[in-house]
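Not measured: the values here are computed from a predicted model. Side chains are part of it too, since the values below use all heavy atoms of this structure and drop only hydrogens, waters and symmetry mates.
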Amino acid sequence: MGTPYVECLSSYLQRLAQHHHLRPWQLYNHELVPLIKNQEYLLSIDTNKTAIRQTFLSGKTTPSNLSVVNGLKNMTKAIVAAVEQLTNRDDLRCLTWVTWLGVWRSYDCPLKYFCAWCPHCYQVWKEQEEVIYLPLLWLFKEVRFCPIHHTLLESVCPYCRQTMLNFCQPGYCSHCGEWLGRKLLPLDLTNYFPLPEKLNIYQQKVFGLQDFIRITPFLSQPPRIKNVCDYLYEYCSHLDLQQFKDVDDSLWIDLDLFALPEKCAYFYSFGFSVHFFYDLFRYLNISQPSTFPVVYLYVIFRPLKERRVGHLF
């Protein structure tokens, strides 16, 4: 935790079952589901389903399953609370995206429909006898390549050509059981992006996600939309009219709302999208790894009373 490569909760649950010599369905049905069965209404709100057990069936590959366990759903909080109760831990929210439920749009799932992995990472971890797991970062739709090895993330078994089930043992195909790790040569990413600007934007998005994942354990409380709106209000309060208009045009947002920051939560009841933050950081020239430190996120999500107007950057 506190790094961009924290494990996702679904991977943790798989390894937890294996460690206790249980089949995953035994852990889910007999230990986890009984703790959350009285919160069926949350699952219904998130996925239009009424059976919590369906979420944990390993044979299900519906888009909702990964996002319910790892993502940005109301039910995710209940699942996290249940697993923390079973394990005597209080930090497992950091294995999901649920900390940001008060900022992102809950209906705009940022996760892939199927598991994805870097074969090179798997092979290196196996050779070094490290834990084989599935990082949360790999599950985001925006992440197409491994940031470490510059290899394409895979989602189809190279042996049986099937996509992985949503809940499977990390490192092995959930259908044929073959090992999924192998060494690969790094790719020239310029071949995948027609313009250098496109590659730069892609890299910026990945750096941004890494920083959001990295900062999660250090937040004293879950951030809220109002934190972002208060920050933008402070930032824009000392701009002249032309600078204000430039921000308005760049971010595709009506900044007149920030004249009354106490009303922002009402106007943005559905939250911001991930793309909004990409645009915000790009406009503020936070576009390179060396100039995108976690401190910018601390500035935004620090309580208002701890900030000083005019000294944000």
Side-chain angles (χ1 to χ4, degrees), residues 1 4-16 24 28 32-33 36 39-58 60-84 91-117 133-144 153 155 163-168 170 205-206 208-217 219 222-225 269-278 297:
M1 294 185 185
Y5 292 95
V6 66
E7 184 173 20
C8 67
L9 184 59
S10 58
S11 171
Y12 176 78
L13 287 172
Q14 292 297 111
R15 294 194 306 107
L16 190 66
Y28 303 150
L32 194 57
V33 170
I36 56 179
Q39 303 189 61
E40 291 272 5
Y41 71 96
L42 290 178
L43 189 66
S44 179
I45 292 173
D46 289 332
T47 65
N48 294 323
K49 293 183 178 180
T50 56
I52 287 177
R53 293 179 187 276
Q54 287 185 315
T55 301
F56 298 103
L57 292 177
S58 60
K60 292 289 183 179
T61 57
T62 56
S64 62
N65 290 348
L66 281 179
S67 63
V68 166
V69 177
N70 303 300
L72 202 63
K73 301 294 184 180
N74 294 288
M75 193 66 208
T76 310
K77 293 189 291 186
I79 295 173
V80 168
V83 181
E84 288 184 339
D91 54 2
L92 296 185
R93 63 177 176 82
C94 302
L95 277 60
T96 73
W97 199 235
V98 76
T99 298
W100 304 95
L101 184 61
V103 176
W104 312 119
R105 292 184 300 216
S106 60
Y107 61 83
D108 186 16
C109 177
L111 302 183
K112 298 182 175 81
Y113 290 172
F114 301 99
C115 292
W117 64 90
Y133 72 100
L134 189 67
L136 179 63
L137 181 68
W138 291 352
L139 296 184
F140 282 89
K141 295 176 182 177
E142 298 287 355
V143 183
R144 298 168 51 194
L153 295 183
S155 58
T163 55
M164 295 302 101
L165 299 177
N166 287 346
F167 303 100
C168 57
K205 290 179 178 180
V206 176
L209 283 173
Q210 288 177 315
D211 271 342
F212 276 109
I213 293 173
R214 185 187 299 123
I215 195 180
T216 299
L219 295 172
R224 293 290 180 261
I225 295 173
S269 58
F270 292 105
F272 292 102
S273 68
V274 177
H275 296 282
F276 170 81
F277 282 93
Y278 296 150
L297 298 179

Legend entry - Full working for side-chain contact (heavy atoms from CB on, under 4.5 Å) between Arg93 and Leu9: CA-CA 8 Å; Arg93 63 177 176 82; Leu9 184 59; over 6 Å; no
Legend entry - OG1-CZ distance between Thr163 and Phe114, expressed to the nearest 0.5 angstrom: 4.5 Å
Inset, instruction - Please name the pair of heavy atoms, one in Trp97 and one in Leu136, separated by the smallest distance, quoted to 0.1 Å. - result: N-CD2, 4.4 Å
Inset, instruction - Taking all heavy atoms of Glu84 and all of Leu92, pick out the closest pair and write down the distance. - result: OE2-N, 2.9 Å
Inset, instruction - Taking Gln14 for its side chain and Pro170 for its backbone only, find out whether a donor-acceptor pair lies under 3.5 Å. - result: no
Inset, instruction - May I have the step-by-step check of side-chain contact (heavy atoms from CB on, under 4.5 Å) for Leu111 and Lys141, ending in yes or no? - result: CA-CA 5 Å; Leu111 302 183; Lys141 295 176 182 177; 5.7 Å; no
Inset, instruction - Calculate, to the nearest 0.5 Å, the distance between atoms CD1 and OG1 belonging to Ile215 and Thr99 respectively. - result: 11.0 Å
Inset, instruction - Ignoring hydrogens and angles, tell me if any N or O in the side chain of Glu7 forms a donor-acceptor pair with the backbone of Tyr12 under 3.5 Å. - result: yes
Inset, instruction - Could you check if a side-chain atom of Arg214 sits within less than 4.5 angstrom of a side-chain atom of Val6, using non-hydrogen atoms only? - result: no
Legend entry - Side-chain donor-acceptor pair present, Trp117, Ser155, cut-off under 3.5 Å: no
Inset, instruction - State, yes or no, whether a side-chain contact exists between Val98 and Leu72 at a heavy-atom distance under 4.5 Å. - result: no
Inset, instruction - Spell out, as yes or no, whether a donor-acceptor pair under 3.5 Å connects the side chain of Lys112 to the backbone of Val143. - result: yes
Inset, instruction - Would you please indicate if the ring centroids of Trp138 and Tyr5 are separated by under 6.0 Å? - result: no
Legend entry - Heavy-atom donor-acceptor pair, Gln39 side chain to Met75 backbone, under 3.5 Å: no
Legend entry - Modelled atom types, side-chain donor and acceptor of Thr96 and Asn70, under 3.5 Å: no
Legend entry - Flag side-chain contact, heavy atom, 4.5 Å: Trp100 against Leu219: yes
Inset, instruction - State, yes or no, whether a side-chain contact exists between Cys115 and Leu134 at a heavy-atom distance under 4.5 Å. - result: yes
Legend entry - Min side-chain heavy-atom separation Thr76-Val80 under 4.5 Å: yes
Legend entry - Considering all heavy atoms, the nearest Val206-Glu142 contact: CG2-O, 4.5 Å
Legend entry - SG on Cys8 to CZ on Phe140, rounded to 0.5 Å: 10.0 Å
Legend entry - Separation of Leu13 CG from Leu32 CG (nearest 0.5 Å): 6.5 Å
Inset, instruction - Would you give the length of the straight line joining atom CG of Leu153 to atom CG of Leu137, rounded to the nearest 0.5 angstrom? - result: 8.0 Å
